[in-house]
Amino acid sequence: MKVQTKTGILFTVITATIILIISWTSYFITQSFVSRDFFKRLEIRVIVATKVLFEQDHIATSTYEDLRKKYLETLTQEKEYVFKVDTLDRLKERKSFIPYSYLQNIVALKGTPVYFNKGNIDFAGLYYPDETGEYIVIKSAVNEYGITTLQNLRNIKIATFILAVIIVYTTSIFFSRKTFQPVRDIIEKTKNISAYNLGLRLEDKGGGDEIAELSKTFNNMLDRLQTSFETQNNFISNASHELRTPLTNIIGEADWALTRPRTVEEYQQSISSIQQHADQLNKITSELLTMSQISFNGQQQEWEEIGVYELVEESAFSVKNLIKGTQLNLSIDEEILSNEKLTINGIRTLLKLALGNIIANGAKYSSQKTVNIQVKKLGTTISITITDKGIGIPANEVSRVFEPFFRGSNTRSFEGYGVGLPLAQNIIRIHNGNIEVNSVESKGTSVIITLPIYSGA
């Protein structure tokens, strides 16, 4: 069942329930009012009947009869019953039409009118003590007008309820279809989107409603998917090229060495070249494996609480050992040095690898000039800025530095494979951080890393 149909049915059920409650309440109130009104009319008649029957010595009976005929119209099936209290036991044995318990109740209340209903017949009874004995006077009648009124009211309410349900259901289905029309449009458009045409986007109609937000969110997701697919294709293309180059060189050297007998020196030179290309192939393969291993969310490795100063110092020390002659200027805020609670939750080896790659790039591309590392606390994050005064990156190439195997056009004289920054970006992302690169060609590059401070939660 479609959501729009469910919405229409749910709205109809809720509305129908409200209408039913209101209708039942009004019907019940009307029924109660009609019953009370009729009982009052019977009460007047039973009082008049008592006066006529037992007070004729004091007031002329004819006067009561005239009043009753003039002001009290005859009711449907109106009847009058008079019982002497001391004869009630005989009535009980004969199983009278009027229940014995009702007669007892009239006697017990001693002069207060008592009402009773049996089927369509209503009764009003009154106890009356007289010089000749104790009596019960009862008037009964059928409330024909009230029954007809309630029956008509009931029929009208049933017909109105059915008509209201039909109208509400039709209206709710109409409006739910109108409401969900943008959703149906989105469904139709998304059916045409596949891996081969990720450039398609949903129409952005503006506004701040949920449908507009859904379209924006979906388009953002398509942006990420398209970027991911393009990055993957670019990665595969570049990886194939980077792996093919040393393999081609190795095969070429081996073929050259085997074409005819060589001198010892020539064999040594050929083997040395093969070893050099094999080392290059090994480095590329290792970096590819590292990148593939951290392409997940990092949950399979051990996370720990890491001191900020400790992390930066270890990363800088490893770069100094790797690249001889590296000059580093480390500046850390006093608040970080003095507060041991300012820590990062993460995977130590990966964070050291990310920071080490960036610091090493700064040292390599600045020809051993001093690389500045500044660590600051910014609100709930730690900011690590690594700045060099090297060759920089051309302005039109800065946006591509996180593409795997991409290398700037001015880096041909430097050894590298274009994996360091993409690797660092993946590592920073799985630590819920951010990495940003600012660079000016021939003046230097600044890489800013922000990582959340560990809250202990």
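Each residue takes its place number in the sequence, starting with 1.
- Between V165 and A16, the shortest heavy-atom contact is CG2-CB, 3.8 Å.
- In terms of the salt bridge (Lys or Arg N to Asp or Glu O under 4.0 Å) criterion, K157 has no residue partners (sequence neighbours excluded).
- Partner of V375 under the side-chain contact (heavy atoms from CB on, under 4.5 Å) criterion, chosen from L342, I386, I382: I382.
- In this structure, the side chain of N152 engages the main chain of T148 through a donor-acceptor pair within 3.5 Å.
- The line from OG of S140 to CG of L75 is 9.5 Å long, rounded to the nearest 0.5 Å.
- Rounded to the nearest 0.5 Å, atoms CD1 (I332) and CD (Q374) are 10.5 Å apart.
- With salt bridges taken as basic N to acidic carboxylate O contacts below 4.0 Å, none links E397 and R400.
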If you look only at distance, which donor and acceptor atoms sit under 3.5 Å apart when one is on a side chain in residues 434-441 and the other is two or more places apart or in another chain?
residue, atom, partner, partner atom, Å
S439, OG, I393, N, 2.8
S439, OG, G444, O, 3.2
S439, OG, T445, OG1, 2.8

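- Rounded to the nearest 0.5 Å, atoms CD1 (I384) and CD1 (I428) are 7.5 Å apart.
- Between I18 and the options L20, I22, T15, a side-chain contact (heavy atoms from CB on, under 4.5 Å) holds for only I22.
- Listed for the Y102 side chain is a donor-acceptor partner under 3.5 Å among the backbone atoms of G125.
- No side-chain heavy atom of Q269 sits less than 4.5 Å from a side-chain heavy atom of R262.
- Nearest heavy-atom pair across A164 and I19 is CB-CD1, 3.7 Å.
- Qualifying salt bridge (Lys or Arg N to Asp or Glu O under 4.0 Å) partners for E266, counting only residues two or more places apart in sequence or in other chains: none.
- K369 places no side-chain N or O within donor-acceptor distance of the main-chain N or O of V371, the cut-off being under 3.5 Å.
- Minimum heavy-atom separation, T385 to S446: CG2-OG, 3.5 Å.
- Remark: L451 CG to N345 CG distance equals 11.0 Å, nearest 0.5 Å.
- A distance of 11.5 Å separates NZ in K364 from CG in D388, rounded to the nearest 0.5 Å.
- In terms of the salt bridge (Lys or Arg N to Asp or Glu O under 4.0 Å) criterion, E305 has no residue partners (sequence neighbours excluded).
- Applying the side chain to side chain donor-acceptor pair (under 3.5 Å) definition to pairs two or more places apart or across chains, those involving residues 164-173 are T12-S172.
- Checked by atom type and distance alone, the side chain of S270 never pairs as donor or acceptor with a backbone atom of Y267 at under 3.5 Å.
- No donor-acceptor pair under 3.5 Å is formed between the side chain of H277 and the backbone N or O of I251.
- With sequence neighbours left out, the side-chain contact (heavy atoms from CB on, under 4.5 Å) criterion links K178 to F174.
- When all heavy atoms are compared, the tightest approach of T76 to E144 is OG1-OE1, 2.9 Å.
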>> Checking R41 against E78 for the salt bridge (charged side-chain N to carboxylate O under 4.0 Å, His left out) test, could you report, in this order, the C-alpha distance in whole Å, the side-chain angles of both residues, the deciding distance, and whether it holds?
In response: CA-CA 12 Å; R41 295 167 69 185; E78 183 176 346; over 6 Å; no
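- In this structure, CD1 on I323 lies 9.0 Å from CG on L328, to the nearest 0.5 angstrom.
- Checking each of F123, Y100, F39 against F116 for a ring-ring contact (aromatic ring centres under 6.0 Å, His included) leaves exactly one that passes, namely F123.
- Looking only at side-chain heavy atoms (C-beta outward), K40 and R36 stay at 4.5 Å or farther from each other.
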